[in-house]
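All remarks here apply to the structure that follows.
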Amino acid sequence: MSQAAFALLEKSLAPVSEHMTREAAREVLQLRATSDVQSRIDQLADKCNEGQLTPDERSEYEMFVWAGQYISSLQLKARKLLTNA
């Protein structure tokens with residue numbers, strides 16, 4: 001993810017993190033992909049590493065990567081909230 005994209009992501013998360021409760025933070029930390037979603041991500045990752053993604057699969061994989069980064073950023077904010085409170 002580019003610096004500009006990450007900065008935009010951080011900016012978009014600001015309202016969420018500003019109003020996150022301790023309970024919500026604990027829930028955010030539990031977010032995980034379901035087994036079927038993780039299986040699909042793994043399949044796409046393998047195909048990507050082998051250079052065999054179709055254009056549609058590349059778009060799908062990029063969406064999963066972006067969503068993972070978004071969730072990771074939320075989880076970082078949740079950890080900070082729980083550590084500082």
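In what follows, every heavy atom counts, from backbone to side chain, and hydrogens, waters and symmetry copies are set aside. The residues of the chain are indexed from 1 along the displayed sequence.
- Contact between V28 and M20 at its shortest, heavy atoms only, is CG2-CE, 4.4 Å.
- The two residues Q52 and E57 make their nearest non-hydrogen contact at O-OE1, 3.8 Å.
- From K80, atom NZ reaches atom CD of Q75 across 13.5 Å, with rounding to the nearest 0.5 Å.
- Within 6.0 Å of atom CZ in R26, more than 12 heavy atoms from other residues, nucleotides or ligands are found, so the atom counts as buried in its surroundings.
- Side-chain atoms of D56 and T54 form no donor-acceptor pair, as typed in the model, at a separation below 3.5 Å.
- Annotation for A25 and A78: closest pair O-CB, 3.6 Å, computed over non-hydrogen atoms.
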Evaluation steps, side-chain contact (heavy atoms from CB on, under 4.5 Å), between R40 and F64: CA-CA 10 Å; R40 180 62 177 158; F64 280 126; 4.1 Å; yes
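- Enclosure of atom CD in E18 by more than 12 non-hydrogen atoms of other residues, nucleotides or ligands within 6.0 angstrom is indicated.
- Annotation: the span from T21 atom OG1 to L82 atom CG amounts to 9.0 Å, rounded to 0.5 Å.
- The cluster map of Ile, Leu, Val, Met, Phe, Trp and Tyr, joined by side-chain heavy atoms under 4.5 Å apart, puts V65 and I71 in different clusters.
- Both L81 and Y70 sit in one connected hydrophobic cluster of ILVMFWY residues. Membership requires side-chain heavy atoms under 4.5 Å apart, directly or through other members.
- Scanning both residues, Y61 and I41, for their nearest heavy atoms gives CE1-O, 4.0 Å.
- Judged purely by atom type and a 3.5 angstrom limit, S72 uses its side chain to pair as donor or acceptor with the backbone of G68.
- The main-chain N or O of R79 is found under 3.5 Å from a side-chain atom of T83 such that the two form a donor-acceptor pair.
- Taking all atoms of both residues into account, the shortest heavy-atom contact from L53 to L44 is CD2-O, 3.6 Å.
- The same ILVMFWY cluster, assembled from side-chain heavy atoms under 4.5 Å apart, contains both M63 and V37.
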